[in-house]
Amino acid sequence: QLQLVESGGGLVQPGGSLRLSCAASKRTLDYYAIGWFRQAPGKEREGVSCISTSGTPNYADSVKGRFTASRDNAKNTVYLQMNSLKPEDTAIYYCAATRDYSGSYCGYHYDYWGQGTQVTVSS
C-alpha cells in the first residue's frame, strides 16, 4: 500500500519560511490527490491545502497568499512551501493521499496518512 513520509519541519522565526516535503513509496503519486493538514495542541486537525492529480491546488483562507502546494511526479514527492510564517502556524503538519482518476478531486476524505512533522514559529 501507499506509504507517506513528511519532512522539512523545524523551528523558524515569525516571517520566515519552511518547505515541507511528502515522499511516497510503494506506489506512484500520479493517481493520488494530496491533502495537507495540521494540528495544534488542544485543537482539532484542520485542512491547510490540497492538490489534485492535475496539479491544481486549493488553500484554506488562513494560509492563502502565504502557502504554495506543488507536486513533482518525477520525484514522487509533493511539497508545501510556507512563507511569512506566523506563530499561529505552529502545529504538526501531515500529508494525506487518496486515489483519484478524475483529476479534479480536492476534498476532505483521504485514505493514507503520513506520520507528521513539527513546525514551530517563535521568536
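Values below: all heavy atoms of this structure, side chains included; hydrogens, waters and symmetry mates excluded.
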Point to revise | Under 3.5 Å: donor-acceptor pair, side chain of Asn76, backbone of Arg27 | key: yes
Point to revise | From CG (Leu85) to CZ (Arg66), nearest 0.5 Å | key: 6.5 Å
Exercise for review: Starting at CD1 of Ile51, measure out to SG of Cys106 and round the result to the nearest 0.5 Å.
Suggested key: 8.0 Å
Review point. How close do Val119 and Gly9 get, heavy atom to heavy atom, and via which atoms?
Key: CG2-CA, 4.2 Å
Review point. Mind checking whether Met82 and Leu20 have side chains closer than 4.5 Å, heavy atoms only?
Key: yes
Check your understanding: Would you say the side chain of Val12 lies within less than 4.5 Å of the side chain of Ser17, judging by non-hydrogen atoms?
Key -> no
Practice item. With the side chain counted from C-beta on, respond yes when Thr120 and Gln118 share a heavy-atom pair under 4.5 Å apart, and no when they do not. Key: yes
Review point. How far does CG of Asp100 sit from OH of Tyr31, to the nearest 0.5 angstrom?
Key: 12.0 Å
Review point. Under the ring pair (Phe, Tyr, Trp, His ring centres under 6.0 Å) test, which residues partner Tyr112, sequence neighbours left out?
Key: none
Exercise for review: Could you please spell out the steps behind the side chain to side chain contact (heavy atoms under 4.5 Å, CB included) verdict for Ser122 and Leu11?
Suggested key: CA-CA 7 Å; Ser122 177; Leu11 176 64; 4.3 Å; yes
**Study point:** Minimal non-hydrogen separation, Ala24 against Leu2, with atom names
**Key:** CB-CD1, 3.8 Å
Point to revise | Any donor-acceptor N/O pair, Arg71 side chain to Leu29 backbone, under 3.5 Å | key: yes
Check your understanding: Does Tyr59 offer a backbone N or O that forms a donor-acceptor pair with the side chain of Ser49 under 3.5 Å?
Key -> no
Point to revise | Linked hydrophobic residues, Tyr110 as query - side chain contacts closer than 4.5 Å | key: Phe37, Ile92, Tyr94, Tyr105, Trp113
Review point. Just wondering, do Thr117 and Ser7 contact through their side chains at under 4.5 Å, heavy atoms?
Key: no
Point to revise | Distance, nearest 0.5 Å, that separates CZ of Arg38 from CZ of Arg45 | key: 13.5 Å
Check your understanding: Checking Ser54 side chain against Gly103 main chain: does a donor-acceptor pair fall under 3.5 Å?
Key -> yes
Point to revise | Heavy-atom pair with the smallest gap, counting every atom of Val5 and Gln115 | key: CA-OE1, 3.5 Å
Review point. Does Glu6 use its side chain to pair, donor to acceptor, with the backbone of Gly116 at less than 3.5 Å?
Key: yes
Revision key, fill the gap. Nearest heavy-atom approach of Tyr79 to Trp36 is O-NE1, 3.8 Å
Review point. Is Lys86 paired with Asp89 through a side-chain N to carboxylate O contact shorter than 4.0 Å?
Key: no
Study note, to complete from the structure: All heavy atoms of Ser52 vs all of Ala33, minimum pair found to be CA-CB, 4.5 Å
Study note, to complete from the structure: Nearest heavy-atom contact between Ala40 and Ala91 is N-CB, 3.8 Å
